[in-house]
Engineer: 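Can you read through this structure? Questions will come right after.
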Protein chains: 2
Amino acid sequence: MNSASAKALRSGGDPPARDFAPESDDAIFDMMELFFFAYRDFVKDADRLLEKYKFGRAHHRVLHFVDRRPGLAIAALLDILKITKQSLNRVLKQLLDGGFVEAREGANDRRQRLLYTSPEGAALARELARLQSARFVRVLSGLSPDARRSATEFLLAMIDQDERASVRAHLLVAAAAPSAGEESPP
Amino acid sequence: MNSASAKALRSGGDPPARDFAPESDDAIFDMMELFFFAYRDFVKDADRLLEKYKFGRAHHRVLHFVDRRPGLAIAALLDILKITKQSLNRVLKQLLDGGFVEAREGANDRRQRLLYTSPEGAALARELARLQSARFVRVLSGLSPDARRSATEFLLAMIDQDERASVRAHLLVAAAAPSAGEESPP
DNA sequence: AAAATATGTCAATATAGCTGACATAACCCG
DNA sequence: CGGGTTATGTCAGCTATATTGACATATTTT
């Protein structure tokens with residue numbers, strides 16, 4: 001049941017045995033905490049603006065991904081967010097009701113409801129993105145191109161291996177998306 | 001009230017105008033999403049083990065920071081987590097009841113309850129850390145020392161400027177803590 | 001026509017956070 | 001000493017975000 005590697009636990013008072021990683025268990029622990037703190041601060045950036053609309057972070061995520069990938073189907077959005085459709089539905093309904101997101105019947109498959117931001121939704125999405133990207137702009141402008149590449153590489157590598165392909169695809173689609181409509185084949 | 005840079009919004013169907021940042025608004029948007037996906041996957045790592053103890057992520061965070069910084073006072077923990085004492089109390093009580101965390105009266109200030117992990121708590125904390133650090137080990141081992149430094153630098157820079165000092169201090173304390181007892185002066 | 005798919009919805013539940021109000025004990029200061 | 005501040009606990013109620021399970025509807029696929 002217990003730790004496989006917890007040998008000399010600090011049960012008495014001896015220094016914790018940092019011996020299983022070649023050269024930097026400490027560094028790794030530090031990075032884990034940095035990651036926590038960095039994310040904690042990052043998500044906070046948009047909160048004040050969201051409050052004005054009585055929206056939460058869930059709304060933000062939906063709005064963001066719909067804006068980035070116009071014509072996104074419900075199922076695809078669920079897959080990105082990794083939540084259930086019931087969870088999505090509440091926030092999505094509020095976004096639809098508020099006129100920030102629109103759903104159109106799929107052209108090929110009329111069961112689908114493809115999601116698009118309205119002009120107001122797009123404006124809000126981008127304003128939120130601007131708030132959050134300010135942090136990135138500040139950080140990245142202080143890094144050399146090489147360091148930027150390393151940071152990007154680092155983040156990508158942090159993603160589950162079997163997710164990485166679809167994330168990469170997502171980024172490409174988002175970048176390429178002219179104003180797209182149809183989904184690519186499953 | 002609207003986005004200052006949202007000129008040619010995709011109201012009709014024209015390509016989104018990615019023109020306001022010198023060379024890489026796209027790159028920044030991509031990084032923001034990578035950050036989201038990376039964190040989403042990162043926090044997931046420990047969940048299965050936590051379930052066995054009927055604990056959630058909130059318990060994990062408390063356990064982690066108490067283990068990393070033995071003798072942590074309640075107020076200091078609240079400051080790290082940025083939550084209210086009422087929120088903390090529920091999970092902390094469960095950790096105390098379960099014998100994973102112990103609270104001792106402060107030596108200098110008897111109002112304080114200084115927190116320590118029990119041997120079981122420490123074992124759990126480290127097993128959880130091991131699960132999560134596995135991801136970091138995998139990622140960092142694929143990066144050059146330079147790239148590692150860049151990634152670390154990136155994460156640190158992502159933290160709020162006025163928090164950075166205290167985070168740095170936290171890391172140092174955690175690294176230095178032998179199995180410590182007393183707090184350093186406030 | 002039957003089966004599978006995409007989505008919506010109702011209901012109940014859990015977790016993690018919040019505010020506000022109030023209580024207790026211990027410390028600090030004049 | 002006595003009053004103010006600090007550290008913490010606790011009660012009560014609220015919100016946001018997620019879950020599972022069951023069932024409904026329309027549409028596409030076979």
Side-chain angles (χ1 to χ4, degrees), chain A residues 36 39-40 43-44 46-48 50-51 53-66 71-98 101-115 182-183 185-186, chain B residues 36 39-40 43-44 46-48 50-51 53-66 71-97 101-115 183 185-186:
Chain A
F36 167 76
Y39 194 80
R40 182 196 65 180
V43 290
K44 200 186 52 188
D47 283 0
R48 252 182 306 174
L50 285 166
E51 262 174 39
Y53 292 85
K54 304 283 204 143
F55 287 154
R57 287 174 190 170
H59 303 85
H60 184 184
R61 291 195 288 270
V62 170
L63 190 60
H64 173 87
F65 285 110
V66 170
L72 194 65
I74 302 284
L77 182 54
L78 291 176
D79 188 56
I80 288 172
L81 299 174
K82 306 274 186 234
I83 60 175
T84 60
K85 63 179 172 180
Q86 295 92 326
S87 299
L88 173 61
N89 227 275
R90 182 181 35 88
V91 300
L92 180 55
K93 195 180 295 187
Q94 291 173 293
L95 288 169
L96 289 165
D97 288 351
V101 170
E102 292 165 7
R104 304 185 206 150
E105 197 173 67
N108 297 331
D109 186 337
R110 286 173 41 219
R111 289 171 303 182
Q112 289 186 320
R113 294 174 72 213
L114 306 183
L115 303 174
E182 313 322 275
E183 283 287 73
Chain B
F36 167 76
Y39 194 80
R40 181 197 65 179
V43 290
K44 202 186 53 189
D47 283 0
R48 253 182 306 174
L50 285 165
E51 262 175 38
Y53 292 85
K54 305 282 202 139
F55 287 155
R57 287 174 191 169
H59 302 84
H60 184 182
R61 291 195 286 269
V62 170
L63 190 60
H64 173 87
F65 285 110
V66 170
L72 195 63
I74 302 284
L77 182 53
L78 290 176
D79 188 57
I80 288 172
L81 299 175
K82 307 271 185 238
I83 60 174
T84 60
K85 64 180 172 178
Q86 295 92 325
S87 298
L88 172 62
N89 227 274
R90 184 172 29 85
V91 301
L92 180 57
K93 195 181 293 187
Q94 291 173 292
L95 288 168
L96 289 165
D97 288 351
V101 170
E102 292 164 7
R104 303 185 208 151
E105 196 173 68
N108 298 332
D109 185 337
R110 286 173 43 218
R111 289 171 302 182
Q112 291 186 318
R113 295 174 71 214
L114 306 183
L115 303 174
E183 282 287 71

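Throughout, a chain's letter reflects where its sequence line sits, starting with A, and its residues are numbered from 1.
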Engineer: Measure the distance from CG on B/Leu63 to C1' on C/dA16 and round it to the nearest whole Å.
Structural biologist: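 So the CG-C1' distance, B/Leu63 to C/dA16, works out to 17 Å.
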Engineer: Can you name the side-chain hydrogen bond (donor to acceptor under 3.5 Å, both in side chains) partners of B/His60, sequence neighbours left out?
Structural biologist: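 With sequence neighbours excluded, B/His60 shows a side-chain hydrogen bond (donor to acceptor under 3.5 Å, both in side chains) to no residue whatsoever.
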Engineer: Using whole Å, what does the distance between atom C1' of nucleotide C/dT15 and atom CG of B/Leu95 come to?
Structural biologist: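 Going from B/Leu95 (CG) to C/dT15 (C1'), I get 14 Å.
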Engineer: Is the shortest side-chain N/O distance from A/Arg110 to OP1 or OP2 of D/dT27 below 4.0 Å?
Structural biologist: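 Indeed, a polar side-chain atom of A/Arg110 lies that close.
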Engineer: Anything under 3.5 Å between a donor and an acceptor, one on a side chain of residues 86-93 of chain A, the other on a protein residue two or more places apart or in another chain? List them.
Structural biologist:
{"from": "A/Ser87", "atom 1": "OG", "to": "A/Thr84", "atom 2": "OG1", "distance (Å)": "3.0"}

Engineer: Near DNA chain C, which residues from residues 78-90 of chain B have a heavy atom under 4.0 Å away?
Structural biologist: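 Result for residues 78-90 of chain B: B/Lys82, B/Ile83, B/Thr84, B/Gln86, B/Ser87, B/Arg90, sorted by number.
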Engineer: What is the distance, rounded to the nearest whole Å, between atom CD of A/Gln112 and atom P of C/dT7?
Structural biologist: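 It works out to 5 Å between those atoms.
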Engineer: Does B/Arg57 put a side-chain nitrogen or oxygen below 4.0 Å from OP1 or OP2 of C/dA14?
Structural biologist: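 For C/dA14, neither OP1 nor OP2 has a side-chain N or O of B/Arg57 closer than 4.0 Å.
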Engineer: Taking only residues two or more places apart in sequence, or in another chain, which ones meet A/Arg111 in a side-chain hydrogen bond (donor to acceptor under 3.5 Å, both in side chains)?
Structural biologist: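 For A/Arg111, the residues satisfying side-chain hydrogen bond (donor to acceptor under 3.5 Å, both in side chains) (neighbours in sequence not counted) are A/Asp109.
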Engineer: Take the protein atom CG of A/Asp97 and the nucleotide atom C1' of C/dT9, then report the distance between them rounded to whole Å.
Structural biologist: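 It is 14 Å, rounded to the nearest whole Å.
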Engineer: Tell me what A/Lys93 touches on the nucleic acid: a base, only sugar-phosphate, or nothing, going by heavy atoms under 4.0 Å.
Structural biologist: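 A/Lys93: backbone/sugar contact only, no base atoms under 4.0 Å.
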Engineer: Quick one: list whatever passes salt bridge (Lys or Arg N to Asp or Glu O under 4.0 Å) with A/Arg40, sequence neighbours left out.
Structural biologist: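 Here the qualifying residues are B/Glu163.
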Engineer: Going by heavy atoms in the side chains, are A/Asp47 and A/Leu50 under 4.5 Å from each other?
Structural biologist: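 Side-chain contact under 4.5 Å: yes.
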Engineer: Residues two or more places apart in sequence or in another chain: which of them pass ring pair (Phe, Tyr, Trp, His ring centres under 6.0 Å) with A/Phe36?
Structural biologist: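 By the ring pair (Phe, Tyr, Trp, His ring centres under 6.0 Å) rule, A/Phe36 matches B/Phe65.
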Engineer: Distance check needed: C/dT19 C1' versus A/Glu51 CD, whole Å only.
Structural biologist: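 Rounding to the nearest Å, CD of A/Glu51 and C1' of C/dT19 are 13 Å apart.
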Engineer: So B/Leu78 and B/Ile83, side-chain contact (heavy atoms from CB on, under 4.5 Å) or not? Walk me through it.
Structural biologist: CA-CA 6 Å; B/Leu78 290 176; B/Ile83 60 174; 4.3 Å; yes
Engineer: From C-beta outward on B/Arg111, which listed nucleotide comes closest to its side chain: C/dA25, C/dG17, D/dT27?
Structural biologist: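 Selected nucleotide (nearest to the side chain): C/dA25.
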Engineer: How many whole angstroms separate atom CG of A/Asp109 from atom C1' of D/dT27?
Structural biologist: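 Result: 7 Å.
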Engineer: How many Å lie between CG on B/Asp47 and C1' on D/dA18, as a whole number?
Structural biologist: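 In whole Å, D/dA18 C1' and B/Asp47 CG are 12 Å from each other.
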Engineer: In terms of side-chain heavy atoms of A/Val91, which of C/dG17, C/dA26, D/dT17 is nearest?
Structural biologist: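 From the listed options, D/dT17 comes nearest.
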Engineer: Would you mind reading off the distance between A/Leu92 atom CG and D/dT17 atom C1', rounded to a whole angstrom?
Structural biologist: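 Distance, rounded to whole Å: 15 Å.
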